[in-house]
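Contents: one structure, followed by commentary.
By convention in this document, chain letters (A, B, ...) are assigned in the order of the sequence lines, proteins followed by strands, and residues within each chain are numbered from 1. Below, all heavy atoms of this structure are taken into account, side chains as well, without hydrogens, waters or symmetry copies. Model, not experiment: these values are computed from the prediction.
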Amino acid sequence: MIKIGSVGVAVSTRKKQTMFLKVQLHWNVIIAAENLQPEGLMLHRAIIVRLLSDFAVKKATKDLGYFLAVTTLEKIGEGKVRQHTGDVLFPVVFNVITFKFFKGEILEGVVHKVLKHGVFMRCGPIENVYLSNLKMPDYRYVPGENACFMNDKMSKIGKDVTVRFSVIGTKWMEAEREFQALVSLEGDYLGPISTPDI
Amino acid sequence: MYVEKEENAAELKIGDEFLKAKCLMNCEVALIPEHKVFEKSQQYVKRFSRYKNPDAVRDKILARYQLAEFELCVLGNLCLETVEEAIAMVPSIESRGRAQDDEAIEKMLNDLSLIKKFE
């Protein structure tokens with residue numbers, strides 16, 4: 001089991017490292033006293049709405065990566081009344097899909113910013129995937145309005161180009177609740193690719 | 001004789017399953033699309049989805065070639081063309097003692113391209 005702060009625990013079903021994970025989470029959902037209806041379905045609804053809201057705000061955790069979507073709600077436990085406020089705390093068990101980068105993983109991303117010393121790519125929810133010019137051997141910076149990196153074979157890494165890369169490191173930014181990744185083209189079959197017609 | 005119950009929302013004949021279900025209004029469900037992380041991921045997977053029928057990939061490839069889930073995901077995501085490329089991207093398919101020789105890997109890549117071709 002993996003602890004997630006004070007929110008609860010998560011049980012990951014992944015056997016091996018991969019980008020999209022199916023995870024079961026145990027969270028506590030707090031329902032304000034004014035939302036407590038005697039009718040069961042209304043309470044159920046309030047719990048689900050609050051869970052989705054908390055889920056969106058949470059965004060990501062260091063252990064599990066980015067929270068993408070709730071797939072199923074497995075169980076709502078017995079509510080516990082909080083003494084001073086009258087709010088009720090419900091333990092819930094639900095399944096989610098999360099997204100996380102792993103060192104050594106090979107992925108594809110799309111360039112969205114070209115700088116003199118490297119490029120930034122997007123890969124899923126991660127905006128800051130940085131490929132340094134030091135990690136793309138044989139490529140040199142070509143300045144201009146549509147700046148790009150190019151090698152002797154005229155292979156080009158520029159804006160909106162799809163690039164296959166290897167992840168060499170990730171960093172969790174607690175304040176922004178997001179990850180940054182450092183990637184490389186050092187290795188066979190890495191670099192810009194022509195995306196097949198899908 | 002089994003007679004199928006006719007559904008009629010006006011009379012709240014929506015089936016026992018839905019009567020017990022939790023209903024959400026559009027404005028409540030709107031909590032999900034506003035969720036930026038999901039939107040970005042959705043755009044990404046739409047752009048990089050290689051197969052329209054993932055079940056076919058799982059059924060035909062996973063057990064037949066004794067792949068780990070992770071290996072299947074990489075092979076399914078990257079659209080690899082040659083044995084050398086497959087081994088470079090997923091070195092474990094060669095080194096896990098499953099006697100995955102070049103011929104077997106090539107056959108697996110052919111199976112994957114056939115699935116894609118006949119979708």
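Partners of A:Tyr189 according to the ring-ring contact (aromatic ring centres under 6.0 Å, His included) rule, which considers only residues two or more places apart in sequence or in another chain, do not exist here. Residues that satisfy the ring-ring contact (aromatic ring centres under 6.0 Å, His included) test with A:Phe179, not counting sequence neighbours, are A:Tyr66, A:Trp172.
Heavy atoms of B:Val45 lying under 4.5 Å from chain A belong exclusively to its side chain. For chain B, the nearby part of A:Glu127 is the side chain; its heavy atoms alone come within less than 4.5 Å. In this structure, no portion of B:Gln43 lies under 4.5 Å from any heavy atom of chain A.
For the options A:Asp188, A:Val70, A:Ile106, A:Ile97, heavy-atom pairs under 4.5 Å to chain B are most numerous at A:Ile106.
Put simply, the side chain of A:Thr71 gets close to the backbone of A:Asn95: a donor and an acceptor are under 3.5 Å apart.
Nearest approach of A:Leu190 to A:Ser184, heavy atoms of both residues: CD1-O, 3.9 Å.
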